[in-house]
Colleague: 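Below is the structure I would like to discuss, written out as structure tokens.
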Amino acid sequence: MLERLAALRPGALQGLVRPERRDLEESEKILRSIVNALRSSGVRFSYDPRVSDMYSGALILDYGVADELKEHAKRVSEAIEAGGYETVITVDPHTTLTLMSYRQLVGLKVNVVNYLELVRPLKRVRLTATVHDSCIYARDLNLWGKARELLKGSGVSVVEPRNYGPKTFCCGGPVESLSPGLANAIAKRRVAELREAADVAITMCPICLSNLRRAGGNVIDLSVVIGGDAEGQ
């Protein structure tokens with residue numbers, strides 16, 4: 001097992017997952033919704049592919065491969081700082097937490113801010129839904145309340161599941177690359193909990209979205225609800 005984890009070098013991670021076309025199209029839709037929400041909220045930002053397209057190293061952090069993480073963190077941090085940026089806006093919980101960890105790991109000096117902290121709702125929808133909180137958003141970043149604020153500002157009637165906020169139940173996604181069967185079992189249990197609350201579930205994490213859907217959940221991303229077209233209404 002240690003040999004497998006040690007082999008997870010940044011360059012090798014690109015081949016770990018091969019998304020289908022429909023998943024790529026939805027990812028682009030989510031990103032467009034986030035961009036729309038940021039711009040409409042008066043946030044000025046730029047997209048630099050030399051920095052923005054670099055992998056954060058989140059999976060390396062999860063697996064605790066310390067030497068590889070520090071090496072990768074140094075490359076990413078140097079690229080960010082070379083661009084002269086004061087702030088990096090992140091669009092998912094794993095990247096947010098990973099880049100924040102770079103401050104202590106390699107001395108990253110720029111601010112790291114998640115988009116949820118910067119946007120406002122853009123439209124009103126008629127939707128009753130429950131919320132699946134990402135473990136990182138809820139426990140590490142304490143942004144689960146902000147998600148409710150944005151959804152309720154968009155007119156969503158939120159019905160809480162049995163486990164939410166800091167006591168949220170994992171989607172199972174982080175363990176998928178090592179044990180797909182276990183990941184699916186965890187996801188199915190979580191989907192059952194969400195269905196007890198409402199037919200539609202909203203999440204803010206691409207890993208949660210993908211894993212819960214594969215387990216049969218009717219799940220949509222928060223950014224599409226507040227800044228794009230809400231499906232499943």
Colleague: Heavy atoms, side chains only, cut-off 4.5 Å: are Asp92 and Met204 in contact?
Modeller: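 Side chain of Asp92 against side chain of Met204, heavy atoms only: no contact under 4.5 Å found.
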
Colleague: With sequence neighbours left out, write down each residue that passes side chain to side chain donor-acceptor pair (under 3.5 Å) with Thr130, or none if nothing qualifies.
Modeller: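 Thr130: no side chain to side chain donor-acceptor pair (under 3.5 Å) contacts found.
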
Colleague: From Arg32 CZ over to Ser27 OG, what is the distance, rounded to the nearest 0.5 angstrom?
Modeller: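 Rounded to the nearest 0.5 Å, the CZ-OG separation comes out at 10.5 Å.
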
Colleague: Under 4.5 Å between any side-chain heavy atoms of Tyr102 and His72, yes or no?
Modeller: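 Side-chain contact under 4.5 Å: yes.
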
Colleague: Let's go through Glu25 and Lys29 carefully: what are the C-alpha distance in whole Å and the side-chain angles of both, what is the deciding distance for salt bridge (charged side-chain N to carboxylate O under 4.0 Å, His left out) to 0.1 Å, and is it a yes or a no?
Modeller: CA-CA 6 Å; Glu25 289 175 350; Lys29 179 180 180 180; over 6 Å; no

Colleague: Going from CD1 on Ile226 to CG on Asn36, what distance comes out if it is rounded to the nearest 0.5 angstrom?
Modeller: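 Between Ile226 CD1 and Asn36 CG, I get 9.5 Å after rounding to 0.5 Å.
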
Colleague: Nearest 0.5 Å, please: how far is CG in Leu151 from OG in Ser157?
Modeller: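 Going from the OG atom of Ser157 to the CG atom of Leu151 covers 10.5 Å.
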
Colleague: Quick one: do Arg190 and Glu193 satisfy salt bridge (charged side-chain N to carboxylate O under 4.0 Å, His left out)? Show the steps, please.
Modeller: CA-CA 5 Å; Arg190 182 54 170 167; Glu193 287 186 357; 2.8 Å; yes

Colleague: Nearest 0.5 Å, please: how far is CG in Asn218 from CZ in Arg213?
Modeller: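 Spacing of CZ (Arg213) from CG (Asn218) equals 8.0 Å.
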
Colleague: Just to verify, what does Ala129 make a side-chain contact (heavy atoms from CB on, under 4.5 Å) with, not counting sequence neighbours?
Modeller: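 With neighbours one apart ignored, the set is Leu127, Val156, Val200, Ile202.
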
Colleague: Which atom names give the shortest non-hydrogen contact between Gly172 and Ala183, and what distance separates them?
Modeller: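 Heavy-atom minimum between the residues: O-CB, 3.2 Å.
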
Colleague: Look at the side-chain heavy atoms of Ile, Leu, Val, Met, Phe, Trp and Tyr, link any pair under 4.5 Å apart, and say whether Val159 and Val125 land in one connected group.
Modeller: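 Different hydrophobic clusters.
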
Colleague: Ignoring hydrogens and angles, tell me if any N or O in the side chain of Thr98 forms a donor-acceptor pair with the backbone of Ser56 under 3.5 Å.
Modeller: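 A pair under 3.5 Å: no.
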
Colleague: Can you name the residues that form a salt bridge (charged side-chain N to carboxylate O under 4.0 Å, His left out) with Glu78, not counting sequence neighbours?
Modeller: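 Not a single residue meets the salt bridge (charged side-chain N to carboxylate O under 4.0 Å, His left out) criterion with Glu78.
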
Colleague: Kindly write out the residues that satisfy salt bridge (charged side-chain N to carboxylate O under 4.0 Å, His left out) with Glu149, not counting sequence neighbours, or none if the list is empty.
Modeller: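 Glu149 satisfies salt bridge (charged side-chain N to carboxylate O under 4.0 Å, His left out) with Lys146 only.
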
Colleague: Would you tabulate the side-chain donor-acceptor contacts of residues 81-89 under 3.5 Å, counting partners in other chains and residues two or more places apart, or write 'none'?
Modeller:
unit_1: Glu81; atom_1: OE2; unit_2: Lys109; atom_2: N; d: 3.0
unit_1: Tyr85; atom_1: OH; unit_2: Asp48; atom_2: OD2; d: 2.7

Colleague: Please say yes or no: joined through hydrophobic side-chain contacts below 4.5 Å, possibly via intermediate residues, are Val110 and Val106 part of one cluster?
Modeller: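 Yes.
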
Colleague: Look at Glu26 together with Arg22 and state whether they make a salt bridge at an N to O cut-off of under 4.0 Å.
Modeller: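 Salt bridge between Glu26 and Arg22, a charged N being under 4.0 Å from a carboxylate O: no.
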
Colleague: Is any side-chain heavy atom of Leu212 closer than 4.5 Å to a side-chain heavy atom of His132?
Modeller: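 The answer is yes; the side chains approach within 4.5 Å.
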
Colleague: Pro166 and Arg139: which non-hydrogen atoms are nearest, and at how many Å?
Modeller: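 For Pro166 and Arg139, the tightest heavy-atom pair comes out as O-NE, 2.9 Å.
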
Colleague: Running the 4.5 Å side-chain criterion over Ile, Leu, Val, Met, Phe, Trp and Tyr, what cluster does Trp144 land in, apart from itself?
Modeller: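 Traced through the cluster, Trp144 reaches Tyr164.
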
Colleague: If every non-hydrogen atom of Ser223 is compared with every non-hydrogen atom of Ile34, which pair is closest and at what distance?
Modeller: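 It is CB-CG1, 3.5 Å.
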
Colleague: Rounded to the nearest 0.5 Å, how far apart are CG of Leu97 and CG of Leu61?
Modeller: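 Atom-to-atom, Leu97:CG and Leu61:CG are 6.5 Å apart.
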
Colleague: So which atom in Thr168 and which in Cys135 form the shortest heavy-atom distance, rounded to 0.1 Å?
Modeller: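 Scanning both residues completely, I find the closest heavy atoms to be CG2-CA, 3.9 Å.
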
Colleague: How would you list, by chain and number, every residue that makes a side chain to side chain donor-acceptor pair (under 3.5 Å) with Thr96, sequence neighbours excluded?
Modeller: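 Testing Thr96 for side chain to side chain donor-acceptor pair (under 3.5 Å), a comparison that skips the adjacent residues, returns Thr90, Asn114.
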
Colleague: Apart from Val175 itself, what residues make up its hydrophobic cluster, given side-chain heavy atom links below 4.5 Å?
Modeller: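 Answer for Val175: Phe169, Leu182, Ile186.
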
Colleague: I'd like to know if the side chain of Asp133 and the backbone of Gly165 have a donor-acceptor N/O pair within less than 3.5 Å.
Modeller: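 Yes; at least one donor-acceptor contact below 3.5 Å.
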
Colleague: Show the nearest heavy-atom pair for residues Leu122 and Gly227, with the distance to one decimal.
Modeller: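 For Leu122 and Gly227, the tightest heavy-atom pair comes out as CD1-CA, 3.8 Å.
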
Colleague: Distance check, rounded to the nearest 0.5 Å: Leu194 atom CG versus Glu160 atom CD?
Modeller: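 It is 10.5 Å, given to the nearest 0.5 Å.
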
Colleague: Would you kindly confirm whether Leu222 and Ile207 end up in one hydrophobic cluster when ILVMFWY residues are joined by side chain heavy atoms under 4.5 Å apart?
Modeller: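 They do not share one cluster, since no chain of ILVMFWY contacts under 4.5 Å joins Leu222 to Ile207.
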
Colleague: Mind checking salt bridge (charged side-chain N to carboxylate O under 4.0 Å, His left out) for Arg44 and listing every partner two or more places apart, or none if nothing turns up?
Modeller: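 Residues passing salt bridge (charged side-chain N to carboxylate O under 4.0 Å, His left out) with Arg44: none at all.
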
Colleague: Could you give all pairs that pass the salt bridge (Lys or Arg N to Asp or Glu O under 4.0 Å) test and reach residues 214-223, with sequence neighbours left out?
Modeller: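 Pairs touching residues 214-223 that pass the test: Glu176-Arg214.
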
Colleague: If you look at every heavy atom in Ala73 and Leu105, which pair is closest and at what distance?
Modeller: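 It is CB-CD2, 3.7 Å.
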
Colleague: Any side-chain heavy-atom pair from Tyr55 and Val76 closer than 4.5 angstrom?
Modeller: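 Sidechains of Val76 and Tyr55: no contact.
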
Colleague: Within the structure provided, determine whether Val43 and Val119 are in side-chain contact (heavy-atom separation under 4.5 Å).
Modeller: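 No; the side chains remain at least 4.5 Å from each other.
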
Colleague: Not counting sequence neighbours, list each pair that qualifies as a salt bridge (Lys or Arg N to Asp or Glu O under 4.0 Å) and has a residue in residues 194-204.
Modeller: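 Found Arg162-Glu196.
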
Colleague: Excluding sequence neighbours, so at least two apart, what forms side chain to side chain donor-acceptor pair (under 3.5 Å) with Arg124?
Modeller: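 Side chain to side chain donor-acceptor pair (under 3.5 Å) list for Arg124, sorted by chain: empty.
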
